[in-house]
Structure formats: structure tokens, C-alpha cells
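Heavy-atom basis, side chains included; hydrogens, waters and symmetry copies ignored. Numbered from 1 within each chain, the chains take letters A, B, ... in sequence-line order.
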2 protein chains.
Amino acid sequence: MMQQKTEKENTSEKILTTAFECLSANGYANVSMRNIADGAGVALSQLAYYYRNKEKLFSEVINRMMDQYLNEIEATLKSTVDEKERITSLVRYFKDLNRNNPKLLRLFIDFTAQALWIPSFRQQLDHLFNAITEIIRKNLSGNAAAINKSLHGYSDKSIATLIFGALFGTSIQIILGSDQDSAFESLNLAENLLY
Amino acid sequence: MMQQKTEKENTSEKILTTAFECLSANGYANVSMRNIADGAGVALSQLAYYYRNKEKLFSEVINRMMDQYLNEIEATLKSTVDEKERITSLVRYFKDLNRNNPKLLRLFIDFTAQALWIPSFRQQLDHLFNAITEIIRKNLSGNAAAINKSLHGYSDKSIATLIFGALFGTSIQIILGSDQDSAFESLNLAENLLY
DNA sequence: TATTTGTTCGGACGTCCGTTCTAATTATAT
DNA sequence: ATATAATTAGAACGGACGTCCGAACAAATA
């Protein structure tokens with residue numbers, strides 16, 4: 001029946017959104033399956049029923065976030081007509097993330113650390129890194145030329161990796177540092193440098 | 001007596017070095033006090049005797065590393081006579097870390113994630129971030145001038161934060177990515193960009 | 001030697017964890 | 001209505017965890 005099917009989707013979905021909230025607020029190691037079950041208002045065994053185990057559940061949370069935000073990034077870039085401004089708008093997207101969505105950044109930083117020790121997470125994160133740097137690489141256009149004017153022999157991929165590294169590394173300092181405003185200025189600096 | 005004092009230092013020291021090995025190999029969440037006690041060949045209760053609890057023990061491990069490597073960095077920079085080369089040699093130091101001391105980088109990445117949830121770790125990491133960016137800031141000399149030739153209004157601190165962010169973020173990609181060599185090229189690129 | 005002080009040890013406590021199992025309930029199909 | 005499958009709830013399992021305690025031991029003092 002329709003009713004039952006939507007109920008089911010609601011249950012699995014509620015688990016997933018609750019898992020995101022718990023994980024982004026407390027981190028993978030500090031969140032138990034019981035926390036999530038209680039938060040979602042479902043029985044503990046439901047988590048295993050829909051997602052098998054904790055690792056797969058977290059993996060699914062990350063997958064959702066990856067899909068959503070990679071699409072957002074691509075959409076943002078496509079809507080930027082001036083090619084030279086595309087990298088700039090990407091930096092702006094990162095600034096928005098820091099300002100308005102620190103939960104997501106915390107989730108990804110925590111996931112990054114987990115990926116050090118859990119092979120399946122590592123593979124998933126590698127995919128994310130490649131997707132992001134590939135997006136950057138495709139939108140370098142003018143920037144790469146400017147860089148290669150003075151330096152030679154560096155691939156677009158290396159440039160993209162460095163740019164993403166700067167954005168990611170600076171975001172970590174913003175999230176964790178004591179004077180976040182000062183660190184945030186570094187993203188403004190990055191935006192101007194890349195224009 | 002002398003004998004007894006060195007014995008004591010040996011025990012506490014053995015715990016500390018074993019803790020470093022365990023933590024850099026498996027991460028804070030995956031290492032138990034029993035693992036460390038077994039690895040060091042001492043009784044479990046010795047860990048509490050010398051370091052009170054797990055959090056303090058890890059904190060002490062990090063403190064040691066901070067002292068050691070901050071000193072190494074300062075020494076490296078002081079031995080670089082040409083002022084314009086100092087940032088370059090700092091990037092080289094980071095490259096060495098990626099090549100020869102991935103254990104340490106893993107430890108710091110894991111510690112960074114823990115700092116998201118544990119206040120005392122966060123404070124400690126903030127201190128480390130400030131120390132590193134301050135070192136970079138003091139040694140900018142020519143670089144800042146070059147940047148400020150085209151851009152105005154950005155403090156040396158912002159520049160230093162961005163540089164460290166780039167080094168840290170790129171290192172994370174090197175440690176976790178599947179093609180590490182390609183990511184490593186980004187550090188070479190950073191070195192050339194900053195010269 | 002007797003006493004005090006600093007170490008070391010093994011073990012136990014209570015708690016929380018992820019996972020699994022069984023029984024009950026509900027929906028679907030015959 | 002009855003049988004079959006899907007879904008739910010709750011309890012229980014075995015294990016690992018950080019922490020704590022009291023006894024045993026060694027060293028230093030006097």
C-alpha cells in the first residue's frame with residue numbers, strides 16, 4: 001500500500017538525517033547506533049535493517065552529502081558565464097560553506113580522519129578528492145595559463161590539487177582556530193589571488 | 001638513587017614512545033590503554049599512574065611532537081641565510097615530512113579531527129596553528145612584498161595562514177589520495193610559486 | 001633494622017558498544 | 001480468510017573500554 005511504502009521511506013530517511021545531525025555534532029567515534037536510533041525515534045534494530053552496520057550508515061550519509069554538494073558546485077560554476085570568474089565563484093562557494101554550513105565541514109574533516117584507518121572510507125574520500133580537483137581543473141582556463149607563464153612543467157591537475165588543498169587546509173584552520181575572522185581573511189586573499 | 005630514577009624515566013618514556021607508535025598507526029579512537037600497556041610491556045595501571053588518563057596521555061604525545069618539530073623548523077629556517085629562500089626551505093621541510101615521516105602527519109591529522117570534539121585538544125591544536133603561522137609570517141620578507149604588489153589590505157598573518165593551509169591541505173591529499181606522486185607534485189609547485 | 005616513600009602489578013567494577021536473535025505485528029497476495 | 005512475506009520492537013550477547021583499588025615490591029631515609 002502507498003501508506004506503508006512512504007512510512008518505510010520516512011523511517012530510513014529519518015535515520016539518515018538523524019545520523020547526519022549526530023555525526024556532524026559529535027563525530028563518528030562519539031556517536032553510537034543507540035544515539036541515532038533514539039534521535040530518530042526508531043528501534044535500534046532498524047538501523048541494521050536498513051543500513052547493515054555503523055560503517056555503511058556513515059558511508060551512506062557521506063554519499064548523500066557528496067552527491068548534493070558536488071552537484072551544487074557544478075551548478076554554481078555553470079551559472080558563471082565569465083570563464084575567468086569560475087574559480088573565483090568556487091572560492092566563494094567555499095566561503096559560504098565556512099560561514100553557513102560548518103556542520104558539513106566538520107563532518108568532512110571527521111570523515112577525512114576516519115579515512116586514515118578505515119579502507120572503505122579512504123576509497124570514498126579519494127573519490128571525493130578526485131571529483132573536486134577534476135572540477136577545479138576543468139575550470140582553470142585563464143588561471144593555469146597565468147601560472148604557466150612563469151612556471152613550466154606543472155600539470156593542470158597539480159594546480160587544481162594545490163588550490164583545493166589551500167581551500168581545505170584554510171577551512172580547517174577557520175573551523176578549529178580561535179580567531180576565525182582572521183583566518184577567514186585568507187579565503188578572501190585566495191579569491192583575489194586566483195582572479 | 002640514580003638507578004631508580006632512570007628506571008622510572010624509562011617506564012614513563014617507554015609508555016610515551018609506545019603511545020606514539022600505536023596512535024600514529026591506528027588513531028586515537030582505535031587505540032586502547034591496554035594496547036599501549038601491552039606494547040610497552042608494563043601494567044595497565046602504570047598508564048594512569050604517569051599520565052592520569054587517555055586524553056592526557058595523547059596530549060603529552062602531541063606536546064612532545066610539537067616541541068620537537070617546531071624547533072626543527074626554526075633551526076632549519078635560521079640556517080637558511082638567504083631570506084628569500086626561507087619560505088622555500090619551509091616547503092621543503094613539509095615535503096620531507098610527507099616523504100619520510102608520514103606517521104607524524106597521520107598523527108597530526110587524526111589529532112586535528114579529535115580537536116573538533118575535545119576542547120583541550122582544540123586549544124592545543126590552536127596553539128600549534130598559531131606557532132606555525134607565526135613562524136611563516138616572520139619569514140615572509142620578500143614574498144609578502146610580492147603579493148602586496150598586486151593586492152593590498154591583506155595582513156602578513158592572512159598570507160601565512162593561507163600558505164600553511166595550502167601545505168596542510170595538500171599533505172592530507174598526499175597521505176590519503178590514491179596517486180600520491182601526482183599530489184606530491186603540488187608541493188613542488190608550491191615551492192616554485194613561493195620563490 | 002625499621003619506617004616511610006615512591007613504583008609496579010594484577011584484577012575487578014560498572015558502563016557502553018555494535019551486532020544478532022526471536023517473537024510480534026503489519027501488509028500483500030492467494 | 002488464510003498463508004506468505006515484510007517490517008518492527010525489544011531484549012540479550014559477548015566483548016572492549018577507561019578507570020580505580022589494594023596489595024606487593026623496591027628504594028631511600030633515619
Side-chain angles (χ1 to χ4, degrees), chain A residues 1-23 25-62 110-111 113-114 117-121, chain B residues 1-23 25-62 110-111 113-114 117-121:
Chain A
M1 209 209 217
M2 255 301 143
Q3 179 74 4
Q4 190 258 348
K5 195 135 199 191
T6 50
E7 288 285 341
K8 168 182 151 197
E9 283 170 354
N10 282 344
T11 295
S12 66
E13 204 64 24
K14 200 188 300 184
I15 291 174
L16 211 55
T17 59
T18 306
F20 168 76
E21 289 301 330
C22 290
L23 288 167
N26 301 104
Y28 184 70
N30 307 309
V31 168
S32 72
M33 300 293 266
R34 284 171 178 82
N35 292 148
I36 298 172
D38 291 350
V42 301
L44 174 60
S45 49
Q46 293 295 94
L47 273 60
Y49 181 76
Y50 286 108
Y51 301 102
R52 283 197 67 84
N53 57 36
K54 190 182 181 182
E55 189 177 317
K56 297 251 175 58
L57 173 56
F58 193 17
S59 180
E60 191 56 37
V61 172
I62 295 291
D110 190 66
F111 183 66
Q114 298 302 326
W117 323 112
I118 301 175
S120 68
F121 286 2
Chain B
M1 210 208 210
M2 256 299 142
Q3 179 74 3
Q4 191 257 349
K5 195 134 199 194
T6 50
E7 287 286 340
K8 169 183 151 195
E9 283 171 351
N10 281 345
T11 296
S12 66
E13 204 64 26
K14 201 189 300 184
I15 292 173
L16 211 57
T17 59
T18 306
F20 167 78
E21 290 300 330
C22 290
L23 288 167
N26 300 104
Y28 184 70
N30 306 310
V31 168
S32 72
M33 299 293 264
R34 285 171 177 81
N35 293 148
I36 299 172
D38 291 350
V42 301
L44 173 60
S45 44
Q46 290 295 93
L47 273 60
Y49 181 76
Y50 285 106
Y51 301 101
R52 283 197 67 82
N53 57 35
K54 189 182 181 183
E55 189 176 317
K56 299 253 174 55
L57 173 56
F58 193 17
S59 180
E60 191 56 36
V61 171
I62 296 290
D110 191 65
F111 184 66
Q114 298 302 327
W117 323 113
I118 301 175
S120 68
F121 287 3

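Between A:Ser45 and C:dT19, a side-chain N or O to OP1/OP2 separation shorter than 4.0 Å is absent. An OP1 or OP2 oxygen of D:dT8 is reached within less than 4.0 angstrom by a side-chain nitrogen or oxygen of A:Tyr50.
A straight line from OH of A:Tyr49 to P of C:dT25 spans 18 Å, rounded to a whole angstrom. The CZ atom of B:Phe58 sits 13 Å away from the P atom of D:dG18 (whole-angstrom rounding). Rounded to whole Å, atom P of D:dT19 lies 15 Å from atom OH of B:Tyr51. Rounded to whole angstrom, the span from the CG atom of A:Leu44 across to the P atom of C:dC16 amounts to 15 Å. Atom-to-atom, CG of A:Leu57 to P of C:dT19 comes out at 10 Å; the value is rounded to the nearest Å. Across the protein-nucleic acid pair, A:Gln46 atom CD and D:dA11 atom C1' stand 15 Å apart, rounded to whole Å. Regarding B:Lys54, its NZ atom lies at a distance of 8 Å from the C1' atom of D:dC17, rounded to whole Å. With rounding to whole Å, A:Glu55 atom CD is found 16 Å from C:dC17 atom C1'.
Listed by chain and number, the residues in a side-chain hydrogen bond (donor to acceptor under 3.5 Å, both in side chains) with B:Ser59 are B:Gln124 (sequence neighbours excluded). Judged as a ring pair (Phe, Tyr, Trp, His ring centres under 6.0 Å), and not counting sequence neighbours, the contacts of A:Phe121 are A:Tyr28, A:Phe58, A:Phe111. Residues passing the side-chain hydrogen bond (donor to acceptor under 3.5 Å, both in side chains) test with B:Thr17: none are found, sequence neighbours excluded. Applying the side-chain hydrogen bond (donor to acceptor under 3.5 Å, both in side chains) test to A:Glu21 and every residue at least two apart in sequence or in another chain returns A:Lys103. Residues that satisfy the side chain to side chain contact (heavy atoms under 4.5 Å, CB included) test with A:Asp38, not counting sequence neighbours, are absent from this structure.
Taken residue by residue, residues 28-35 of chain B places heavy atoms nearer than 4.0 Å to DNA chain D at B:Val31, B:Ser32, B:Met33, B:Arg34.
Remark: the backbone N or O of A:Val31 is not paired with any side-chain donor or acceptor of A:Asn35 at under 3.5 angstrom.
Of the N and O atoms on the side chains of A:Ser120 and A:Glu55, at least one donor lies less than 3.5 Å from an acceptor on the other residue.
Among the protein residues, A:Ala48 comes within range of the nucleic acid bases, having at least one heavy atom under 4.0 Å from a base atom.
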